[in-house]
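Each ligand, and each atom within it, is numbered from 1 in the order the structure gives.
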Amino acid sequence: MPVNKHMNLPINSPDDRPAPESRIVINGGRPLRGRVRIAGAKNAALAVLSASILADNEIVLENIPNISDVRAMLEIINYLGARSTWLGPDVVRISGGALVQREIPYRLARKLRASNLLLGPCLARFGSARIALPGGCNIGSRPMDLHFKGLAGLGADLGIEKGFIRGTAKRLRGNRIYLDFPSVGATENIMMAAVLAEGQTIIENVAKEPEVVDLANFLNNMGARIRGAGTDIIKIEGIKSLGGRVRYAIIPDRIEAGTYAVAAAATGGDVTLENVIPPHFEPLNAKLREANVKVEEGEDTLRVSAPEPLQPVNIKTMPYPGFATDMQSQMMSLLCTVPGTSVIVENIFENRFQVAEELRRMGARIKVEGRVAVVEGVPRLQGAQVKATDLRAGAALVIAGLMAEGQTQICNAYFIDRGYKNLERKLKSLGAEIDRI
Ligand code: UD1
């Protein structure tokens with residue numbers, strides 16, 4: 001099957017959703033105040049865990065968030081024969097000595113979109129891959145044509161067969177690959193395969209997200225030769241095998257941190273985020289400052305407060321260093337009560353405005369037309385029963401619940417557990433009234 005026919009992969013149906021359902025209950029109206037420690041980055045952890053199957057040696061990973069997406073990825077690599085053990089609350093040891101090529105079944109792959117990140121590592125490690133089409137959040141069509149184009153450029157033969165991504169590669173050979181769009185997942189998959197390919201690979205128009213750089217740093221720690229991560233062009237000199245005793249700490253989660261930053265601003269609070277890398281926040285900070293939020297950067301902290309009335313802003317989501325699509329829904333909640341008109345353009349995932357309907361139940365005035373949402377500020381939001389439709393929509397509803405008068409109940413809370421470690425505990429420590437039923 002030709003590569004460009006794999007455009008629209010299925011997303012998970014309601015039947016895939018894990019039971020039992022839990023709800024988050026928030027009594028809103030309290031400003032968040034205090035300090036909160038940010039966990040390791042979900043998206044960096046998922047990529048690094050996928051890459052861990054490229055080597056036999058023992059790897060110790062620090063700052064791994066114990067969230068359901070990470071547990072699902074660990075389940076998959078264990079299924080492939082790796083041995084993973086939690087050594088502490090956020091430290092995982094992985095040993096890949098007993099890895100075997102196995103088909104990754106639907107029951108495992110459906111749990112997270114990032115199961116597709118095992119395609120490159122499986123091809124490089126085993127010479128073949130069979131992975132059930134991934135599940136994950138219903139935020140758009142999420143094609144894989146760029147992953148396929150890049151891996152085909154390295155010599156892999158790929159296709160979709162009976163609900164599986166199938167790939168074989170007797171040998172991978174370095175090549176020059178141009179990505180039509182700087183896809184995070186495609187950049188990562190191609191990079192992970194190219195580290196063990198013969199010769200040089202040059203990938204152009206790559207994603208520059210900090211999580212891509214973190215993956216490259218991790219691979220280089222295992223002996224890979226990758227240059228240019230964080231710029232538009234990545235160059236990789238293939239080597240025969242990766243190894244060495246590796247201990248690696250994942251970067252902090254800029255999206256988790258950003259969510260608390262927006263929650264602090266939206267409730268008129270004053271919160272210091274600990275364990276962050278402030279330069280990763282430039283795109284968000286620029287918008288927060290434009291909205292009249294006060295942001296003070298420390299060495300590894302950010303203090304966010306909103307002492308003055310906020311102002312409307314316009315947002316366009318873009319690949320990094322543009323404004324992150326993963327922060328768009330949370331900003332939408334904040335803008336709901338900012339006097340005036342804010343315009344949000346979503347350029348990455350077409351279904352990311354589902355949260356607008358839920359926010360409207362809480363009294364928000366939002367008009368959505370295609371990829372554009374127009375938010376007219378209302379004086380206040382009112383608590384209501386709402387449902388999370390994806391991970392970041394869930395986070396946005398938590399923020400809206402914290403802002404609102406009265407009680408908000410958010411169902412489908414499991415979406416939120418995919419990306420936020422100890423959400424209720426952290427928010428309670430900042431003064432929120434939040435519980436789970
Ligand atoms: C990653 C993140 C996700 C984030 C997104 C964008 C992980 C595990 N997930 O997802 O949280 O929201 O980056 O920052 O890291 N595209 C194609 N063809 C492809 C691949 C992607 O057209 O082969 C398009 C997508 O439809 C989308 C855009 O490229 O419009 C960005 O997607 P991509 O960067 O690949 O996102 P993910 O890696 O899936």
- Message: Salt bridge check, Glu424 against Arg436: does any charged N sit closer than 4.0 Å to a carboxylate O?
- Response: yes
- Taking it one step at a time, do Arg360 and Arg365 satisfy side chain to side chain contact (heavy atoms under 4.5 Å, CB included)? CA-CA 6 Å; Arg360 280 197 288 260; Arg365 284 181 59 196; over 6 Å; no
- Message: Using a 4.0 Å cut-off to any heavy atom of Gly185, which atoms of ligand 1 qualify?
- Response: 35 (O), 38 (O)
- Charged N to carboxylate O below 4.0 Å: is that the case for Arg254 and Asp326? no
- Query: Can Tyr420 and Asp253 be counted as having a side-chain donor-acceptor contact under 3.5 angstrom?
  - Reply: no
- Side chain, backbone, both or neither: which part of Phe349 comes within less than 4.0 Å of ligand 1 when only heavy atoms are counted? side chain
- For the residue pair Gln409 and Arg23, confirm or rule out a side-chain donor-acceptor distance under 3.5 Å. yes
- Item | Atoms of ligand 1 close to Asp326 [distance to a heavy atom under 4.0 angstrom, numbered from 1] | 3 (C), 4 (C), 11 (O), 12 (O)
- Message: Pairs of nitrogen or oxygen atoms closer than 3.5 Å, one from Glu188 and one from ligand 1: do any exist?
- Response: no
- Which atoms of ligand 1 are found less than 4.0 Å from any heavy atom of Phe181? 28 (C), 29 (O), 31 (C)
- Query: When you look for heavy atoms under 4.0 Å from ligand 1, do you find them on the side chain of Ala186, its backbone, both, or neither?
  - Reply: neither
- So, does Pro143 sit close enough to ligand 1 that a heavy atom of it is under 4.0 Å from the ligand? yes
- Query: Side chains of Asn347 and Thr317: is there a donor and an acceptor less than 3.5 Å apart?
  - Reply: no
- Thr325 and Arg352: side chain donor to acceptor below 3.5 Å: yes
- Query: Taking both backbone and side-chain atoms of Arg113, is any N or O found less than 3.5 Å from an N or O belonging to ligand 1?
  - Reply: no
- Of all the heavy atoms in Glu211, does at least one lie under 4.0 Å from an atom in ligand 1? no
- Query: Between Glu237 and Arg225, is the closest basic N to carboxylate O distance under 4.0 Å?
  - Reply: no
- Message: Would Lys42 count as a polar contact of ligand 1, with the cut-off being nitrogen or oxygen pairs under 3.5 Å?
- Response: no
- Task: Decide, yes or no, whether a salt bridge links Glu256 with Lys42 under the criterion of side-chain N to carboxylate O below 4.0 Å.
- Result: no
- Can you find an N or O of Ile348 that's nearer than 3.5 Å to an N or O of ligand 1? yes
- Message: Below the 3.5 angstrom mark, is there an N/O of Val184, backbone or side chain, next to an N/O of ligand 1?
- Response: yes
- Should Asn347 be counted as touching ligand 1, given the test is an N or O pair under 3.5 Å? no
- Do any nitrogen or oxygen atoms of Leu117 come within less than 3.5 Å of a nitrogen or oxygen of ligand 1? no
